[in-house]
Amino acid sequence: MARPYNFCAGPATLPEPVLAQAAAEMLDWHGQGLSVMEMSHRSEAFGQIHHAALARLRELLAVPAHFRILFMQGGGLGHNAIVPLNIGRGGPIDAVVSGAWSAKSLAEARRYGDAQPAADTGPDYTRLPDVASWRLRSDAAYVHVCGNETIHGVEMATLPALERPLVVDASSHILSRPVDWSRVGLVFAGAQKNVGIAGLTLVFVREDLLGHALPICPSAFNYTLVAQADSLFNTPPAYAIYVAGLVFDWLAARGGVAAMDAAAARKSQALYAAIDASGGYYANRVDPAARSRMNVPFFIHDERLTAPFLAGAKDAGLLQLKGHASVGGLRASLYNALPEPAVAALIDYLHHFQRRHG
Ligand code: PMP
């Protein structure tokens, strides 16, 4: 039976071959007689899983040797606190507020330092502030940006070259485009969109930023201790690391990040083009220069049609298209694992619905 297409913003659709492999290996991983869920994180078998996933990830994103990759818990929101505790030094922190997630990052960082908005495009969050207009302090410990605002559908396609270390929340675009490592100090990403299942957070940290955690930083969230222990300071999210490894292998076999980058451009351009060509029946309100390739929020001209749109979409095998509660309307998330035919099916449905209800 064909599975419906899942446009959820996260936890999100996974590659079907990954689900099938995880299912096939559920009771007995590689003749060990146990599931990955049941293994010691210090066993040789899990060590293989862990190091293969790490190596594959480093290769996929061409992560330089002076960046450490950590597999942690905490989620994107957790790391909004863990980052300032580790590299904020209790001092000035600048944050570019371009949507709901960077607003939350700023609010959290304020608990641990003098965090200020370098720019703020709220409350609409439909554009990106010009880098030249950012109010940056020369003594800031770092500058926080959200590379892709999952709720508002605003993506920073190019990271700026700044004096101070750039921290990027890449939760909803990691592995959909290359990272310019010369421009960043730290990147973090929750796994439940482009990497795998909830519970795992990836952290890429430049080595020179380690060693300055505030004394109040919990040990299990101290990047230096976690790096020294090769992500085994305490029990890591072992099953989520295993699934991430399967996703990394799937991605590498399909042409890696370059192929995902090209597919993201094709999928998002097709959907925006269909929305823009609807004569105002559907609308995306984001400045075209800032439109996200991963999350496409859109509205029907008459809000009363949103519920019938969603019901019909579900019947057509197009799931989880409801917009975030704070924005309303609709949202299609087009992560790496969402196949291109899913976008074609959604566009067909947009046309069909407009013909019936237009
Ligand atoms: N940052 C971004 C960009 C996100 O999209 C999300 C979750 N949607 C988060 C942070 C928070 O992630 P978590 O729920 O894993 O804490």
Side-chain angles (χ1 to χ4, degrees), residues 6-14 70-86 93 95-111 115 120-122 125-126 128 142-157 159 166-177 179 184 186-204 218 220-221 236-237 239-241 243-244 247 264 268 286 290-297 320-327 330-338:
N6 175 8
F7 294 87
C8 189
T13 192
L14 284 164
L70 313 178
F71 288 157
M72 296 182 68
Q73 307 201 28
L77 214 43
H79 284 262
N80 281 336
I82 300 167
V83 169
L85 282 168
N86 276 276
I93 294 166
V96 176
V97 180
S98 56
W101 291 111
S102 45
K104 281 184 199 258
S105 303
L106 171 64
E108 198 68 19
R110 281 197 157 130
R111 297 151 65 89
D120 190 335
T121 58
Y125 301 124
T126 52
L128 278 171
Y142 65 88
V143 180
H144 175 98
V145 299
C146 180
N148 182 63
E149 290 283 358
T150 321
I151 293 177
H152 291 90
V154 171
E155 182 164 358
M156 196 174 286
L159 299 174
L166 188 64
V167 169
V168 184
D169 177 354
S171 294
S172 53
H173 70 83
I174 189 92
L175 291 162
S176 71
R177 59 188 229 208
V179 176
V184 302
L186 189 148
V187 176
F188 67 89
Q192 66 270 25
K193 300 162 195 304
N194 263 341
V195 171
I197 60 177
L200 167 67
T201 313
L202 310 181
V203 178
F204 306 81
F221 291 145
Y239 194 77
I241 292 171
V243 174
V247 171
S268 58
V286 178
R291 282 176 165 178
S292 167
R293 306 186 317 164
M294 294 285 109
N295 311 96
V296 181
Q320 310 220 48
L321 285 161
K322 196 172 191 289
H324 189 271
S326 63
V327 173
L330 302 156
R331 174 174 52 168
S333 295
L334 315 178
Y335 298 124
N336 289 346
L338 186 84

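Note that ligands are numbered from 1 as they come in the structure, with each ligand's atoms numbered from 1 the same way.
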Note to self: So Leu14 and Ile197, do their side chains get closer than 4.5 Å, heavy atoms only?
What the structure shows: yes
For Ala109 and Pro84 the tightest heavy-atom approach is CA-CG, 3.9 Å
Among Ala100, Gly76, Pro11, Gly99, the residue with a heavy atom nearest to atom 12 (O) of ligand 1 is Gly76
Quick note on ligand 1: atoms under 4.0 Å from a heavy atom of Leu77 include exactly 11 (C), 12 (O), 13 (P), 16 (O)
| said: Donor-acceptor check, side chain of Asn336 to backbone of Leu175, threshold 3.5 angstrom: yes or no? | reply: yes
- Message: Is the ring pair His144/Phe188 parallel, tilted or perpendicular, if the boundaries are 30 and 60 degrees?
- Response: tilted
Self-check item: Within-4.5 Å side-chain heavy-atom neighbours: Met294 and Ser176
Solution: yes
protein heavy-atom neighbour closest to atom 1 (N) of ligand 1 works out as Asp169 OD2, 2.6 Å
Under 4.0 Å between heavy atoms, the region of Asn148 that gets near ligand 1 turns out to be backbone
Contacts of Ser172 meeting side chain to side chain donor-acceptor pair (under 3.5 Å) (sequence neighbours excluded), chain-then-number -> Asn148, Thr150
Ligand 1 to Thr150, heavy atom cutoff 4.0 Å, flagged ligand atoms 2 (C), 3 (C), 4 (C), 5 (O)
The protein heavy atom nearest to atom 8 (N) of ligand 1 is Lys193 NZ, 2.9 Å
of all protein heavy atoms, closest to atom 14 (O) of ligand 1 is Gln192 NE2, 3.7 Å
Between Trp101 and Asn80, the two heavy atoms sitting closest are O-ND2, 4.4 Å
Problem - N or O contact, Ser172 vs ligand 1, cut-off under 3.5 Å - result: no
Atoms of ligand 1 under 4.0 Å from any heavy atom of Gly75, numbered from 1 in the order shown, are 15 (O), 16 (O)
Under 4.0 Å between heavy atoms, the region of Cys146 that gets near ligand 1 turns out to be side chain
